[in-house]
Amino acid sequence: MIKSTKTWIIIFSVLALTSLGCWIWMQSVHIDHKIAKIYHNGECIKTIDLNAVSEPYEFTVETEHGKNTVRVEFGRIRIVDASCPDHICVNQGWISDGTAPIVCLPNKLVIKIEKQENELDAKTQ
Amino acid sequence: MNPKKLTTMALLSAFALIIFIVEAQIPSPIAIPGIKLGLANVITLFAIFTLTPTETFIILIVRIILANIFAGQITTFFYSLSGGLMCFFATFWLKYILSQKQIWVAGVLGAIFHNVGQIITAAVLTRTPAVFAYLPILLFSGIITGVFTGLCTQFFISHYRKIRRR
């Protein structure tokens, strides 16, 4: 049964469509109050309230693994420059939701947008 | 080990290394970490289906170590190694159950396990479980690129068998 080519095609198509569906669904999840957290080596080193940003600004995160320049605007955040060789984190551009974090693997830096903790309380009130 | 085997293995390692380095020079059109074609896997798959598991394993390790000396740094080494090992252990036994027309299946399974291995390593190294958010898109891209590299291997092997019969 598992030896037939048709079975394999069905298994892979279902898996591909499920994961694509998952990804699209994750993209559509909306966060109202955005808190950006910058992690280095799993430790949160900086927290920014993206809803409280009025003027765009830049700052540099420097760790023993390398430098990343982060740009912050209202409701979104990105890495504009990095000392890593592949620059995938820079090319990823802006993130404005909790779907996928910006990950700079060489510098072990992760930028994630999270909900504010008391959001649930605010909704149930 | 006889000289013919040794030469074949050295040749395949060199092929894999060249493919890997050339592919690393091409910038990825999609800015999501981990998405790439993985053409060097064609050589690993070819070795799996034509050589013994031990020989394939040696080729894979040699390629990963050399590729990281020439084109990477120490962090990417662990990603390549974990991905390569996951891919190897997921596919080396498939040659006993797959027919000649199903070699592409090994490509897909290899790509999926390669990506899963890399995500686990990323989560461990950055100590951020949030990187698992990339799992769906990496599974999807793994299936697409896996079909491509798998089919490449399939055509490669069928031509190789034709040449050897002459």
Side-chain angles (χ1 to χ4, degrees), chain A residues 1-9 11-27 29 37-44 65-66 78-79 83-95 97-114, chain B residues 24 27-36 71-79 94 96-109 111-112 115-116 118-119 121-147 150 154:
Chain A
M1 157 67 165
I2 201 143
K3 284 188 178 179
S4 91
T5 306
K6 218 182 231 166
T7 321
W8 286 112
I9 294 176
I11 292 174
F12 290 141
S13 318
V14 169
L15 193 60
L17 288 176
T18 321
S19 47
L20 191 66
C22 256
W23 179 253
I24 293 168
W25 174 75
M26 282 163 66
Q27 299 278 26
V29 175
K37 286 188 174 168
I38 302 178
Y39 294 89
H40 170 251
N41 234 340
E43 239 173 276
C44 182
H65 294 105
R78 69 169 295 178
I79 294 178
S83 62
C84 59
D86 53 12
H87 276 72
I88 286 174
C89 54
V90 178
N91 295 335
Q92 201 177 343
W94 296 101
I95 58 165
D97 55 41
T99 316
I102 298 177
V103 186
C104 182
L105 292 179
N107 293 357
K108 297 196 174 178
L109 199 82
V110 176
I111 301 180
K112 229 177 116 182
I113 294 181
E114 290 171 7
Chain B
S28 169
I30 304 155
I32 292 171
I35 291 188
K36 62 175 222 163
Q73 345 99 4
I74 192 71
T75 36
T76 55
F77 176 74
F78 292 107
Y79 297 112
L94 284 173
Y96 305 110
I97 63 163
L98 293 178
S99 71
Q100 285 304 304
K101 292 233 179 296
Q102 291 177 321
I103 291 172
W104 63 272
V105 171
V108 181
L109 285 176
I112 291 174
N115 287 354
V116 170
Q118 287 202 320
I119 288 194
T121 317
V124 172
L125 281 185
T126 63
R127 299 198 198 113
T128 321
V131 295
F132 280 102
Y134 285 111
L135 190 62
I137 194 69
L138 285 185
L139 276 182
F140 180 73
S141 75
I143 291 168
I144 305 294
T145 59
V147 169
Q154 195 169 314

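In what follows, chains are A, B, ... by sequence order, proteins preceding strands, each numbered from 1.
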Discussion item. With heavy-atom distances below 4.5 Å as the criterion, would you say the side chains of A:Val103 and B:Tyr134 are in contact?
Written reply: yes
Worksheet entry | Nearest non-hydrogen partners of A:Ser4 and B:Gln102, listed with the distance | C-NE2, 3.4 Å
Worksheet, complete the sentence: The interface call for B:Ile143 against chain A, heavy-atom contacts under 4.5 Å, is side chain
Item to complete: Tell me, out of A:Leu109, A:Leu105, A:Ile24, A:Ile9, who's got the most heavy-atom pairs with chain B below 4.5 Å.
Response: A:Leu105
Practice prompt. Please state whether the side chain, the backbone, both or neither of B:Phe132 comes within less than 4.5 Å of a heavy atom of chain A.
Written response: neither
Worksheet, complete the sentence: When every non-hydrogen atom of A:Trp23 is compared with those of B:Pro136, the smallest separation belongs to N-CB, 4.0 Å
Worksheet item: Out of curiosity, A:Leu15 CG to B:Phe140 CZ, how far, rounded to the nearest 0.5 Å?
Response: 10.5 Å
Fill in: Contact leader toward chain B among A:Ser19, A:Cys22, A:Cys104, A:Gly42, where contacts are heavy-atom pairs under 4.5 Å
A:Ser19
Discussion item. At a heavy-atom distance under 4.5 Å, which candidate from A:Ser13, A:Cys89, A:Pro101, A:Gly21 has the highest pair count against chain B?
Written reply: A:Pro101
Response to the item:
Answer key: most heavy-atom pairs under 4.5 Å with chain A among B:Gly142, B:Ser141, B:Ala133 is B:Ala133
Worksheet item: Taking atom CH2 of A:Trp94 as the centre, does the number of heavy atoms from other residues, nucleotides or ligands within less than 6.0 Å exceed 12?
Response: yes
Practice prompt. Would you check if B:Leu98 and A:Trp8 make a side-chain contact, meaning some heavy-atom pair closer than 4.5 Å?
Written response: yes
Worksheet item: What part of B:Ile112 is in contact with chain A, defined as an atom under 4.5 angstrom from a non-hydrogen atom: side chain, backbone, both or neither?
Response: side chain
Fill in: Options B:Ile137, B:Leu138, B:Leu139, ranked by heavy-atom pairs under 4.5 Å with chain A, top entry
B:Ile137
